[in-house]
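Remarks on the structure that follows.
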Amino acid sequence: MLNELGLRKRAELIQAIRAFFINREYVEVDTPARLPVVIPEAHNLPVESGDHILQTSPEICMKRVLAETGCRRIFQICKCYRKNERGDRHLPEFTMLEWYRAQSDYNSLMTECEDFIIEVAEAIGRRGYLSYQRTDITLEKPWARITVSDAFSMYSPVSMAQALEENIFDEILCTHIEPRLGMKKPVFLYDYPAELGALARKKTDNPSVAERFEVYVAGLELANGFSELTDPKEQRQRFEQELKSIEHQGRSAGRMPEKFLKSLVNMPEAAGIALGVDRLAMILFDLDTIDKTVLFVPEDL
Amino acid sequence: MYSASDLRKGLKIQIDGEPYVVVDFQFSKPGKGQALYRTKLKNMVTGNQFDRTFRSNDKFEKAPLEERTMQYLYSQGDEFHFMDTKNYEQVVVTQDQLGDDTNFLIDNMEVQVLLFNNNPIGVTLPNFVNLTVTRADPWAKGDTSGSDSKPVTVETGYELQVPPFIEEGDRIQIDTRTGVYMTRVKE
């Protein structure tokens, strides 16, 4: 649990996040957390709330804001809920920062993500470098951008294609690759297998990968971003695949987000990113577990 | 049955007919990926440790373990005989299974015997035992050699360092987890 000093530091961080986006002319939005239908995602278990479901991320509502209001730059800091996620780096209720920017793609978003972490770190007194669990990390730009496929070649005993074939992609990523990412300087991992980014645009010159990236600092995954998929027809097909795989797990598949798909027709080209605020607090305040970044964990309640 | 989300440090499970204790546990979930439960498991019979990663649909059986209070009777070669204090049933535990614990075993001592499928796989001694010193160099009062400890032998044959004032025939308390002298006891 946070003490008074920790509480003040967390509040300072939230203010620094807001300041970054306000300076860049983003509009803060506030979308509903309780939804009648959520994004079909094979690996996120949603929490039910009466006849509604709690958001696993604010993604579909924020994209509708882009599509339906004409706003070009939006951000939101909100609670998200994912059942059964509990560990040193996971809370079943956590604070997410998401931001979306029209007329942008994942490359320019990676650059903005660098600026974001550098500026927020500076605002709370970590100028240009961090120390996390006795590892010194410089924030000097540019940060390395490594394709997922190259990361497998560098760190894994098997290639990305083999890992996918043998259905051990997640295991290899977790045990062989992630612990080595961003130990001296933050790193972007990008170009994920298309099936691991149901809402990301596929690369035009290589449709087997999606324009998706993750940023890692000290082995900790902080954020996930991508060039948004804006084709409603393709989005429907990708959702159908996710729904199938949910059904395959023996869970009830839920409904197709029809209103979102309808709205997608008017959505501008855009890039968006979701960043775990509690994990950012872990990194910036040098805390070894996510429990130390919040006032109460589920076990306290 | 346990499922992967029940995994935590200290949980005892059975895999392929062998009992394991979870000695380290981490929940992981790569972005857009599935939940993974990374563990370090220790085989409770052999002591071997290894890393293993589970998925959320993995299931485990509870290890059929039972702890019973037993009394140490006698040893014969490498075999140590214990008797259940409730039903007088006797079991044999080997020297290998006992390891350093044989240093502290005396007749009639009550211990906890861990059984897996009714076979003994380990013994937990009381944290402290009182043993008689059977051999000690005499202590010359006013000895100024500066040495603050000396070796003695206790009734089980175990040798340890104690303060110089301990003499043959004294009873001393030993921590069975570390094998270290605690205090002299007057009984």
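In what follows, every chain begins at residue 1, and chains take the letters A, B, ... in the order their sequences are listed.
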* Engaged part of A:R86 at the chain B interface, taking heavy atoms whose separation is under 4.5 Å -> backbone

* Asked: Below 4.0 angstrom, N of the basic side chain to O of the carboxylate: do B:E168 and B:R135 qualify?
  -> no

* Heavy-atom proximity to chain B below 4.5 Å, by part of A:E41 -> side chain

* Please flag which part of B:T53 lies under 4.5 Å from any non-hydrogen atom of chain A: side chain, backbone, both or neither. => side chain

* **Under 4.5 Å from any heavy atom of chain B - which part of A:L173** => side chain

* What heavy-atom pair brings A:Q235 and A:A198 nearest, and what distance separates the two atoms? -> NE2-O, 2.9 Å

* **Crowding at CD, A:E48 (>12 non-hydrogen neighbours, <6.0 Å)** => no

* **Other residues, nucleotides, ligands: >12 heavy atoms within 6.0 Å of B:F50 CZ** => yes

* Structure fact -> Turns out that what part of A:N224 lies under 4.5 Å from chain B's heavy atoms comes down to side chain

* Given a strict heavy-atom distance threshold of 4.5 Å, which part of B:R8 is in contact with chain A: side chain, backbone, both, or neither? -> neither

* For B:Q34, is it the side chain, the backbone, both or neither that has a heavy atom under 4.5 Å from a heavy atom of chain A? -> both

* If you look at every heavy atom in B:Y2 and B:D6, which pair is closest and at what distance? -> CA-OD2, 3.5 Å

* Structure fact -> Rounded to the nearest 0.5 Å, the CZ atom of A:F152 sits from the OG atom of A:S159 at a distance of 8.5 Å

* Asked: A:E85 versus chain B, heavy atoms under 4.5 Å apart: side chain, backbone, both or neither?
  -> both

